[in-house]
Every structure is written in C-alpha cells, then in structure tokens.
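Values reported hereafter were calculated over all heavy atoms of this structure, with side chains retained and with hydrogens, waters and symmetry mates removed. Everything numeric here is computed off the predicted structure, so don't read it as measured data. Quick note on labels: first sequence line is chain A, next is B, and so on, each numbered from 1.
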Protein chains: 2
Amino acid sequence: MALTSEKLTNNQQTVLDLLEKSKEPLKAYAILFDIQKKGIKAPLQVYRALDKLIEIGKVHKIESKNSYIACEHKNCDSSTSTSFLICETCDQVTELKKKNLSEYFAKQSVQANFKYSKHNLEIYGVCKDCKNKK
Amino acid sequence: MALTSEKLTNNQQTVLDLLEKSKEPLKAYAILFDIQKKGIKAPLQVYRALDKLIEIGKVHKIESKNSYIACEHKNCDSSTSTSFLICETCDQVTELKKKNLSEYFAKQSVQANFKYSKHNLEIYGVCKDCKNKK
DNA sequence: TTAAAAAGTGTTATAATATAACATATCATA
DNA sequence: TATGATATGTTATATTATAACACTTTTTAA
C-alpha cells in the first residue's frame, strides 16, 4: 500500500489533526494536554502516534526545539530529511523543499569522503512577516 | 579581551578537556560521570560549564543527539552556526567549515523572504573509515 | 475462514535531559 | 577596597522520552 494513502489509527489521526491546525510546532506534552479531552491520557500514546507519523513522513521533529510539526508538502512519503526556516521572533516554521538541498549536501559530503544519507537543517532568522512589522 | 584567549574556570576547563579527548560527542550525564572524581557532583555544574563553552564557541551541541562536542577549529570564536557530518555506523562526528554553507543558506533564505541569522546542519551518512571497512 | 503474525492500545512506572532558586564565593576593575 | 559581574555548590524539580507488560485490533496468508 502506498504510504500516502496509509490509513491512520484514531490516536494517530487525532495527533495529526492537532498539528495540522497549529501555526507553530508543538511539544509532545502540549499535544497531550490539548487532546486529553479525546481520550488520550498518557505521554506514551502521544509519542507512539508521533513516531508513526514521523515514520510515514506526515510529521517532522524540530530537534533544536523538541517540537513537532505537520509536513506542509502534499504526498510527502519520507521521513528522511528535513529543512526548516525558523523565525526567532514569532517561532513560525517554514519547511523548505528538500531536493536541491539534498543534492547540495550530497556533493559537499563527497568532498569529505562521506556517503550522504539524510540531513536535518534548521535555519534561524527573521521571517517575512516579522521583518515587515519593524 | 579576545574570546579566543578567554580564561576558563576550573569547571569549564575540566569539561572542555574531557570533550577534547573524546573521539565522539558526549552526553551531559556521561560528562558528569567521567569528571566526578574531579569534584564536580551535580548536573548543573556540567550544564553551566557547557553553556559557557558553547557561548564562546569552544563546544557545540548536536541537537539530534543531545550531545556535546569540542570545536575542531582553531580560534573559533562563535557559537552561531554549526554543520556536522555524523556517521550512522560509528557515531563519529566531523565538523564542516561553515563559511560557504552560511553563504549558501543566506541565499536560499532570501528566496523565501527570510533574513538568515544562523543555522544548525546535521548530515547523516557513512564516514570514510566505515565505508572502507565494508 | 481462521489461525498466526504484526501493529496498536492502555497503563504504571521510571529513565534521561535540563533548569529553578538561593545562598555563597571569586574575580575584575574602577 | 567596594562594587558589580560572573561563577559555584546544593537541593529540588521541571521537561522530555522510554521500558515493561497485559491486552486488543488489524492484516496476511494457508
């Protein structure tokens, strides 16, 4: 079965729905707090749902913030690489398409005699909206 | 006073010495365990030393591994950006020089109308040594 | 179709990572 | 030498994440 049409369980769908509604990345315990009304009571239920969603590429983890965000790309079927623009002012996160970047990193890696497999990139700065507000 | 000649305190020097001896990145509690014989007894003492060492650019954090590594570059005076090659086989980490990468990311950011400030890049793959061992 | 395998659930407990708060000490420097 | 900044030692606690186990549901394939 294609990953993109994979059927989610209730817990997985509940967590994904919340992340897709959110403008910012959410922390696991913030997710837990928000969905307790839907019968999810324990951290493990959240972490297990997140693990699966990450595995199928619907959710990404932002490592430097211990936060999770729904993938913005339609039909994303991969959890391998992630690239983000993170606004230091408003915490909004934008996901970069990764094809060019992956190719660039693969090239850079070759120079170090290193076989590229995947990457996480977190770029910090000021987003469009916050630049304009100044 | 130039950052590169900044005098370290005993705790800071003890933590830095350990990280510089290590082939791999170390976790905070692993550092604590290793230096308890030197009078450091509590996690906070380690975290405070790490905070300072990171601030002056002598140590970097590898976010996806919650681990810390001594900077390989002489006279590194900045904690802003980091770029690593991380071997999935042996856990060795190589730090990439960041100038080219920073310029590249700054350019990529402009396209998204985003003002680049700094980045963390973690590239996973197989290092030279592990490729050869196969 | 049904038995076996795989995946998911609910729950309690606990591990691993990191910071708060506060009293005291050290050090640079004016 | 006092004063302000930085660091220290300590206890307690917050935050993030996983282990273990019994049970249920779904998928697969004989």
Determine to 10° how strongly the helix from C:dT1-D:dA30 to C:dA30-D:dT1 is bent, judged from the axes of its five-pair ends.
40°
Under the salt bridge (Lys or Arg N to Asp or Glu O under 4.0 Å) definition, can you give me all pairs with a residue in residues 60-70 of chain A, not counting sequence neighbours?
A:Lys61-A:Glu63, A:Lys65-A:Asp91
Here the distance between atom C1' of C:dT9 and atom CG of A:Leu8, to the nearest Å, is 16 Å
Length of the CG-P vector between A:Leu53 and C:dA7, whole Å:
16 Å
For residues 12-44 of chain A, which residues have at least one heavy atom under 4.0 Å from DNA chain D?
A:Lys27, A:Tyr29, A:Leu44
side-chain N/O A:Thr9 vs D:dT25 OP1/OP2, d < 4.0 Å:
no
For a quick test of reading the model: is some side-chain N or O of A:Asn10 closer than 4.0 Å to OP1 or OP2 of C:dT9?
no
Integer-rounded Å distance: D:dT26 C1' and A:Asn11 CG:
15 Å
Is A:Ser64 close to A:Tyr124 at the side-chain level, that is, under 4.5 Å between some pair of heavy atoms?
yes
Rounded to whole Å, the CZ-P distance (A:Arg48 to D:dT18) equals 12 Å
Any link between B:Val15 and B:Ile69 through a network of hydrophobic side chains (Ile, Leu, Val, Met, Phe, Trp, Tyr) touching at under 4.5 Å?
no
Side chain to side chain contact (heavy atoms under 4.5 Å, CB included) between B:Lys118 and A:Glu88: does it pass, once the steps are laid out?
CA-CA 10 Å; B:Lys118 66 183 182 184; A:Glu88 291 171 314; 3.7 Å; yes
List the atom pairs, with distances to 0.1 Å, where a side-chain N or O of residues 44-51 of chain B and a protein N or O form a donor-acceptor pair under 3.5 Å, not counting sequence neighbours.
residue : atom : partner : partner atom : Å
B:Gln45 : OE1  : B:Lys41 : N            : 2.8
B:Gln45 : OE1  : B:Ala42 : N            : 2.9

Nonpolar side-chain network containing A:Phe105, other nodes, edges under 4.5 Å
A:Leu85, A:Leu96, A:Leu101, A:Tyr104, A:Phe114, A:Tyr116, A:Leu121, A:Ile123, B:Leu85, B:Leu96, B:Leu101, B:Tyr104, B:Phe105, B:Phe114, B:Tyr116, B:Leu121, B:Ile123
Is it true that atom NZ of A:Lys131 has more than 12 heavy atoms of other residues, nucleotides or ligands lying nearer than 6.0 Å?
yes
A:Tyr29 with A:Val59, same ILVMFWY side-chain cluster at under 4.5 Å
yes
Measure the CG-CG distance between B:Leu53 and B:Leu8 for me, rounded to the nearest 0.5 Å.
6.0 Å
Nearest-Å distance, OH (A:Tyr47) to P (D:dA19)?
13 Å
For B:Lys7 and C:dT26, what is the distance between atoms NZ and C1' respectively, to the nearest whole Å?
11 Å
A side-chain contact here means heavy atoms from C-beta on lying under 4.5 Å apart; do A:Asp17 and A:Gln13 qualify?
yes
I want to check one thing: is the phosphate of D:dG9, taken as OP1 and OP2, less than 4.0 Å away from some side-chain N or O of B:Gln45?
yes
Is A:Val126 reachable from A:Phe84 through a run of hydrophobic residues whose side-chain heavy atoms are each under 4.5 Å from the next?
no
With a 4.0 Å heavy-atom cut-off, tell me which residues in residues 61-69 of chain A come close to DNA chain D, sorted by residue number.
A:Lys61, A:Asn66, A:Tyr68
